[in-house]
Peer 1: 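Questions regarding the structure given below will be posed in turn.
Within every chain, numbering begins at 1; the chains are lettered A, B, ... in the order of the sequence lines, protein sequences first and strands thereafter. Note that the structure is a prediction, hence the values are computed from the model and not measured.
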There are 2 protein chains.
Amino acid sequence: MICRALRRAIIEQALEPGAKLPEDSLGERFGVSRTIARYALGQLASEGLVELRRNRIAVVVTPSWQDARDIFDIRMDLERLIVRKIAGKLSGSQIARLKAHVEAEREAHDGPNAVSIRLATEFHIMLASMTNSPVLVRYVSEIAYRCCLTLSLFSRPHSSECGISEHIAIIEALQDGDANKAMSLMHSHLDSVANRALVEPTPARGRDLLDVLAPYAEEAT
Amino acid sequence: MICRALRRAIIEQALEPGAKLPEDSLGERFGVSRTIARYALGQLASEGLVELRRNRIAVVVTPSWQDARDIFDIRMDLERLIVRKIAGKLSGSQIARLKAHVEAEREAHDGPNAVSIRLATEFHIMLASMTNSPVLVRYVSEIAYRCCLTLSLFSRPHSSECGISEHIAIIEALQDGDANKAMSLMHSHLDSVANRALVEPTPARGRDLLDVLAPYAEEAT
DNA sequence: CTCTCTTCGATTGCATGCACTTCGGGCACG
DNA sequence: CGTGCCCGAAGTGCATGCAATCGAAGAGAG
């Protein structure tokens, strides 16, 4: 499925924010017609990963700092809801799957940064899927993916060590059924990620002219 | 835009859950080609309002009772987040717009039930839009629209009087900047709507064979 | 040398065509 | 009367064609 492939390419930064996505190039690359490529772009657009401008080439979105704050805010809330829902209700095999995933994260720790970010993200999606709430899964996936984009835009190289140990702590709290502890752990986990990432409203010097002028352009619409 | 028109038709129950939506009929009705109709169906599907089955006619979704609970749960959380964000931060004109909307709700109170449900829903979306968070707006819109569907499926004729007074109380709490009070008001407001609506997991006798067997059918996929 | 205008290639928006799949009615048969 | 089968009609999945639109390069003027 071309949609999934594209999504992953965006998440892993193979396609950087701002990258152009012409329909026929995509179609040719994936061996399908423009129709399919166009449909995939529509999907990705509705997930907030690509920007569709009328009569112009679609591009990978470039999240603004403001967007990033918004998204992290909502993410906090949703993920707290998730841990509250599943604390103490996970089966043994579910716990095992979570632990296995964290193990994979540890193994990928020395690999490429984009992969470790993707794995960390997938941990959260895995938690969401254990609520058996399709809507929750969709929203958290979407938001988490967009956080990926943001992280790789604003943050310095991701030091994922602490993230991994925090994931383990969360699993333990969930296993013990301590919802409050799990919620506060999740909260501080996301908070630390956000604070590490969203250090400044963009350095503002040395950036692309386009980026610098973006806020002014908005106002002149 | 055909997408908006369709959405509204679904919300207002002009198209009941389960109604078939063939691409060419839609296209013909709206004076566009299948391509456009198909695109609209895709959008609506990604919003969870229509169900797209491969090689088969698209239909308006029929939310299950379990779905309904899920959605209400998430809605509670999101709307609490919203009132927390905007409590005490609304401008005079924003307050005025909210009050005007409630007034419109009151006027429509004697009209068709579907319209008053739609207006009540739009009140919540209006609140969301005042957070200036596009993601929040999208999610709450989506969830609220799906709640519309659910309400008209499960609830007996909506007695909207109490809903209106609760909306007013929420506006006042927001105006006073009392975030906690607004959050608890919103919570109990949604809770009462949910409890009034989601009375039973479906009466289970006298229902359509189809509905009764739905849970079993899921499992057999 | 720089700025502006114009023109042409590149790309999207949308409609249509064709092959494949599903649905539903009629018919034979138990 | 109920059951299974078959075939035409209807509908979707996808590719392609054509017109409209955008943007970048090149020509021309200052």
Peer 1: Would you mind listing every side chain to side chain donor-acceptor pair (under 3.5 Å) that reaches into residues 71-87 of chain A, with sequence neighbours excluded?
Peer 2: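 Qualifying pairs: A:D73-B:K85, A:R75-A:E79, A:E79-A:H124, A:K85-B:D73.
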Peer 1: Could you go step by step and tell me if B:H167 and B:H101 meet the side-chain hydrogen bond (donor to acceptor under 3.5 Å, both in side chains) rule?
Peer 2: CA-CA 10 Å; B:H167 283 183; B:H101 188 90; over 6 Å; no
Peer 1: Give the table of side-chain donor-acceptor pairs shorter than 3.5 Å for residues 134-145 of chain B, with sequence neighbours excluded, one pair per line with atom names and distance.
Peer 2:
from	atom 1	to	atom 2	distance (Å)
B:R138	NH1	A:S46	O	3.2
B:R138	NH1	A:E142	OE2	3.4
B:R138	NH2	A:S46	O	3.1
B:R138	NH2	A:E142	OE1	3.4
B:R138	NH2	A:E142	OE2	2.5
B:Y139	OH	A:E142	OE2	3.0
B:S141	OG	B:V137	O	2.6
B:E142	OE1	A:R138	NH2	3.4
B:E142	OE2	A:R138	NH1	3.4
B:E142	OE2	A:R138	NH2	2.6
B:E142	OE2	A:Y139	OH	3.0

Peer 1: For C:dT11, does OP1 or OP2 lie under 4.0 Å from any side-chain N or O of A:R56?
Peer 2: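 Indeed not, no polar side-chain atom of A:R56 lies that close.
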Peer 1: Taking the side chain as every heavy atom from C-beta outward, state whether B:V59 and B:V50 have any atom pair closer than 4.5 Å.
Peer 2: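 Contact flag for B:V59/B:V50 side chains = no.
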Peer 1: Can you tell me how far P of C:dT11 sits from CG of A:L52, to the nearest Å?
Peer 2: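 To the nearest whole Å, that distance equals 16 Å.
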Peer 1: Let me know, please, whether B:N55 or A:N55 comes out on the 5' side of the other along DNA chain D by nearest nucleotide.
Peer 2: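 Upstream on the strand: B:N55.
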Peer 1: Whether the side chain of A:S25 engages the backbone of A:L21 through a donor-acceptor N/O pair (distance < 3.5 Å, no angle test) should be reported.
Peer 2: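 Judged by distance alone, no pair lies under 3.5 Å.
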Peer 1: Residues from residues 22-45 of chain A sitting under 4.0 Å of DNA chain C, heavy atoms only?
Peer 2: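 The answer is A:P22, A:E23, A:D24, A:R34, A:R38.
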Peer 1: Once side chain to side chain donor-acceptor pair (under 3.5 Å) is applied, what residue pairs with a partner in residues 31-43 of chain B remain, sequence neighbours excluded?
Peer 2: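 Output for this query lists B:E23-B:R34, B:E23-B:R38, B:S33-B:T35, B:Y39-B:Q43.
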Peer 1: Let me check something: any side-chain donor-acceptor pairs from residues 11-18 of chain A under 3.5 Å, sequence neighbours excluded? List them with distances.
Peer 2:
from	atom 1	to	atom 2	distance (Å)
A:E12	OE2	A:R118	NE	2.3
A:E12	OE2	A:R118	NH2	3.3
A:Q13	NE2	A:S152	OG	2.8

Peer 1: Where does the chain B footprint on DNA chain D start and end, counting 5' to 3' with a 4.0 Å heavy-atom cut-off?
Peer 2: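 From 5' to 3', the first and last contacting nucleotides are D:dG11 to D:dC14.
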Peer 1: Compare all side-chain heavy atoms of A:E47 with those of A:R7 and state whether any distance is below 4.5 angstrom.
Peer 2: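 Yes - at least one pair of side-chain heavy atoms lies under 4.5 Å apart.
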